[in-house]
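For reference, the structure is listed below as structure tokens.
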Amino acid sequence: MKPDLPVDVFLPGGPDRFRSLLLSWFDRDKRLLPWRKNRSLYGTWISEVMLQQTTVTVVVPYWEKFMATFPDVHALAAAEPDEVLSLWSGLGYYRRARQLHQAAREVVSGALGKLPDNREGWLDLPGVGPYASGAIASIGLGIRVPALDSNARRVLTRWVVSEASVLDDLRPSHLERIGALVVDPERPGDWNEAVMELGALICRASSPRCEACPVRSLCRAGGNETADLIPAPRIPSGKTRVRLGLLVLAWRDRIMLMPPASGSVVVPAGSGAPVRPDVSGLHVGLWGLPSTPWLPDLHRGRDIWPGSIWRPWLESLPGVERLPGGNDPVLLGSFRHAITRYRLVVQVYGLRLPSNVFLDRKDVFQMTISRPEGGISVSKGGKQGTLAGTGFYRWPSTKQPVSKLVNKSLVIAANSIV
DNA sequence: TACCCGTGGTC
DNA sequence: TGACCAAGGGT
């Protein structure tokens, strides 16, 4: 793998044959995805951002709802940040939503006044990097540029490298060059999609289906039956074990949420007071359940977060000096969850406050969830609305009852806490 | 450069 | 249950 080797050594079988086989397969076997019908530049942009590190099946419903709510860049730019985040709730990587919204506003208020018509223009927008700018320019604008995501890198690497021992010789710059050379001049967008589709369906990271591959006859790794060794596996990074408690504080027909950390949270930090669930940049801009701080899980299996730790804070609320059943939340259960580099053990506590306690203190809780028929609505700063206008962090749904308590069934939790 | 940022599916 | 990974970008 030397950079001065002839092109046909870099491109086994030659680019024309490779393109022809792959595009024919793509035309026949490509998935019918919502953003592939009635293509638009805007819709392509939204899909590319949502698909970053996120699987297709997860993205589909989010994309459809997003497009229905914000059908064009003007609608998106005119939205409140909270509305955009709410449509992202559950999708993860929430910075994408904030940057998408910011980019829309830059587009609308910028000199151009419309979406960029070249790759460089896209690259200037927040949240659009080397890959996404190439994908949008080729798929949405028909410009002949590569779009090298992890799928494409894997496909190209296996195509040109037969064994793991020479992987070190294939530098990133070589891969970039190969990627740029091989883009189909007539159908650049279809080409980039085809390479990614092959990587997603056939040339998978684990257990590649070489027997079903349309370009197997040209593929060095496939021919050598070494595809599962290429490219080299990444070095895993360690997970930090963390334990935390969540408080489901029910009052009347409501569950308490705390406002985004960027807002004015008057609850004093320190002993006993609930905090926002975000830690060092996680869940920025989202509302969330009151939480204990995240602390190292040094005592596995032990209940080191008794619900009583919130007692001082609870007793500071008006009318909560002494509750009939005591001021200590009860442990409802626990679940495990992983967020990027953290492995969490989450213990969920519940406490129902008597309905005659007055809790409409905007300086403590700025939003609560209530439960009308047909959905969840919120009161926020005294105004009624629906949850489809407020982003909040949803803990992952599992089949465990406890997890349901803190997710889509917050309503149930409100009624189940006695 | 190596981290950091979420979530859900798969084996 | 846990490791791996998916249409990456920002710092």
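Values reported hereafter were calculated over all heavy atoms of this structure, with side chains retained and with hydrogens, waters and symmetry mates removed. Protein chains get the first letters and strands the later ones, always in sequence-line order, with residue 1 at the start of each. Values in this document were obtained by computation on a predicted structure and should not be read as measured data.
Separation of atoms CZ (A:R204) and CG (A:N151) is listed at 11.5 Å; rounding is to 0.5 Å. The CG atom of A:L141 sits 5.0 Å away from atom CG of A:L41, with the distance rounded to the nearest 0.5 Å.
Rounded to whole Å, the distance from CG on A:D228 to P on B:dC11 is 15 Å. Whole-Å rounding puts the A:Y342 OH to B:dC3 C1' distance at 11 Å.
A gap of 23 Å separates the C1' atoms of B:dC11 and C:dA7, to the nearest Å. Between the P atoms of C:dC4 and B:dC3, the separation comes to 15 Å (whole Å). The gap from the C1' atom of C:dC5 to that of B:dG6 amounts to 13 Å, rounded to the nearest Å. Spacing between B:dG9 and C:dG9 at atom P, rounded to whole Å, works out to 24 Å.
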For nucleotides 6-11 of chain C, give me one character per nucleotide, 5' to 3': B if any protein heavy atom sits under 4.0 Å from the base, S if the only such contacts are to the sugar-phosphate, - if neither. BBBBS-
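Positionally, the nearest nucleotide of DNA chain B for A:A338 lies more toward the 5' end than for the other of A:A338 and A:S207.
Annotation: proximity of residues 18-30 of chain A to DNA chain C (heavy atom, distance under 4.0 Å) is found for no residue.
For the residue pair A:Y131 / A:Q52, no side-chain donor-acceptor distance below 3.5 Å is found, with atom types taken as modelled. Remark: the A:T44 side chain and the A:R39 side chain contain an N/O donor-acceptor pair separated by less than 3.5 Å.
Residue-environment remark: CZ (A:R36) exceeds the threshold of 12 foreign heavy atoms within 6.0 Å. For A:E225, the CD atom sits in a loose shell: 12 or fewer heavy atoms of surrounding residues, nucleotides or ligands are nearer than 6.0 Å.
Evaluation of the ring pair (Phe, Tyr, Trp, His ring centres under 6.0 Å) rule for A:F70 yields A:F66 as partners, not counting sequence neighbours.
When ring centroids are compared, A:W159 and A:F18 come within the 6.0 Å threshold.
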